[in-house]
Student: 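After the structure tokens below, expect a handful of questions from me.
Chain letters run A, B, ... following the sequence lines, proteins first, then strands; residues in each count from 1.
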2 protein chains.
Amino acid sequence: METISENKCFGGTQGVYKHSSDACNCDMTFAVFLPEEAEFAPVPVLWFLSGLTCTHENAMTKAGAQVWAAEHGIALVFPDTSPRGKDVPDDEAYDLGQGAGFYIDAIEDPWAKHFKMWTYVAEELPKIIGANFAINMERQAITGHSMGGHGALTMAMALEGRFRSVSAFAPICNPTQSDWGRKQFAAYWGDEQSWGPHDATLLMQGNGFSGPILIDTGTDDQFGDLLGTEAFAAAMAAQRQEGQLRLQKGYDHSYFFISTFMEDHVAFHAEALYA
Amino acid sequence: METISENKCFGGTQGVYKHSSDACNCDMTFAVFLPEEAEFAPVPVLWFLSGLTCTHENAMTKAGAQVWAAEHGIALVFPDTSPRGKDVPDDEAYDLGQGAGFYIDAIEDPWAKHFKMWTYVAEELPKIIGANFAINMERQAITGHSMGGHGALTMAMALEGRFRSVSAFAPICNPTQSDWGRKQFAAYWGDEQSWGPHDATLLMQGNGFSGPILIDTGTDDQFGDLLGTEAFAAAMAAQRQEGQLRLQKGYDHSYFFISTFMEDHVAFHAEALYA
């Protein structure tokens, strides 16, 4: 693991690191914020999964999460959203290939060799985080934005017992019924009968989540019709799932929306992480 | 004036606007954050002047200022750092030409036609802000980073009575004695005897500032030798200037440093703006 940069930030350290990924068959970059408390003992961790077109960097610089993570003594991990590099397949569209891993493991060519973002975020990266940082892997929570909200919700429900709480900002909630989902699943997985159970609404209709959920989505989200919020809302209600779905008046899909509600999300996770 | 974008943010609006600038002879872009309170009455304003290579966008997205401005009911203005466009002269170096206006009015060719950032920020843009936004121009404060800290300090001292308070993050304090200053003054102003009084240390040795000053600079600032902090510190002390100069252990020159101390700076200005 190579250190790309480390900057002091809110009394802790915002670092960026690179490593050779077995899952993705390429170098992967990720960012970790460690609060000051990590100097003395391992701290709880909140994962932030980013959306389409993003790298590890967008949320690290624009989500305004470190101030609240520092206040609560929580680490943050920002993975990249796909494998990258000139040897990694890509597509001209912003929503396929590099920057659009969708947190699933591709089985179709040309994607299958590198696009293993489920295995990367669910298995490989946690081992690296646990081995190299003062983070208590018994106390994990997860959040994300848009495609990363899809990743956060599906991981929280599929990896039972891993995360104490899950939240999301404008998540893609029902990708099997959306152009943000069907296109990528068809490319990475092929025929619809090969699609994995990576749809938050379907998972909610199954077992749901064992902890609390917090979702914020703007009423003026320019991609609102692609998110499937109504299907997930219905599934949450039918499941009697502990949680809150908040529709925030006038907010859109941007990082200005994310940063506005970040304080609430970090506080929500802190309550679960320190319980 | 053209609206480029407006996003709801912390209950208010983060906007980006473009207009044709008489001072700079080109289109100029700037950003304004208006807190919710501006819907009901004009609010005080804090100017943020950015550093080398930045546009209006860097601080708007990375400084984490809106959360505190919303808390205190203060507007933020983020000007660009230079004229821009393919008809505007530039230089290969990051620290001259576009992105490096240095908040002065050039008199030498090829810069003189466009590089009038003093007149732009001190005269033209305030008129546009006052005419188009619910901002109380009787209650202004100013801050900035690096080259923008130089701009903030020199404007606060030169424009007597304009600003109630001034602060800066890692400001260039003594440009006439630094490679961050001499190079640009020589290019924009020519011979040293033509240089204007745009050096914070020299202005502090003159009349100083009529209100309070707050400066934060990191002890691990990678550009520390270019800032002239020691000269300004001596001048502040000799002047018996009301103010604080804080050297923050372990912090560098980045936006992670800026965002860490932004809460303090906005609170500092709020106290002066609401006095």
Student: Tell me the residues of residues 252-266 of chain A whose non-hydrogen atoms fall below 4.5 Å from those of chain B, in number order.
Tutor: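 Answer by number: A:D252, A:S254, A:F256, A:F257, A:S259, A:T260.
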
Student: What do you reckon, is CD of B:E271 surrounded by more than 12 foreign heavy atoms closer than 6.0 Å?
Tutor: no

Student: Please state whether the rings of A:F223 and A:W180 are parallel, tilted or perpendicular, taking 30° and 60° as the class boundaries.
Tutor: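 Rings of A:F223 and A:W180: tilted, as their planes differ by 30° to 60°.
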
Student: Any donor-acceptor pair under 3.5 Å linking the side-chain atoms of B:D216 with those of B:Q248?
Tutor: yes

Student: For B:C173 versus B:G228, what's the shortest heavy-atom pair and its separation?
Tutor: CB-O, 3.5 Å

Student: Going by distance alone, is a donor N or O of one side chain under 3.5 Å from an acceptor N or O of the other, for B:S50 and B:H56?
Tutor: no

Student: Would you say the side chains of A:Q66 and A:Q14 form a donor-acceptor pair under 3.5 Å?
Tutor: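 There is such a pair between these side chains.
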
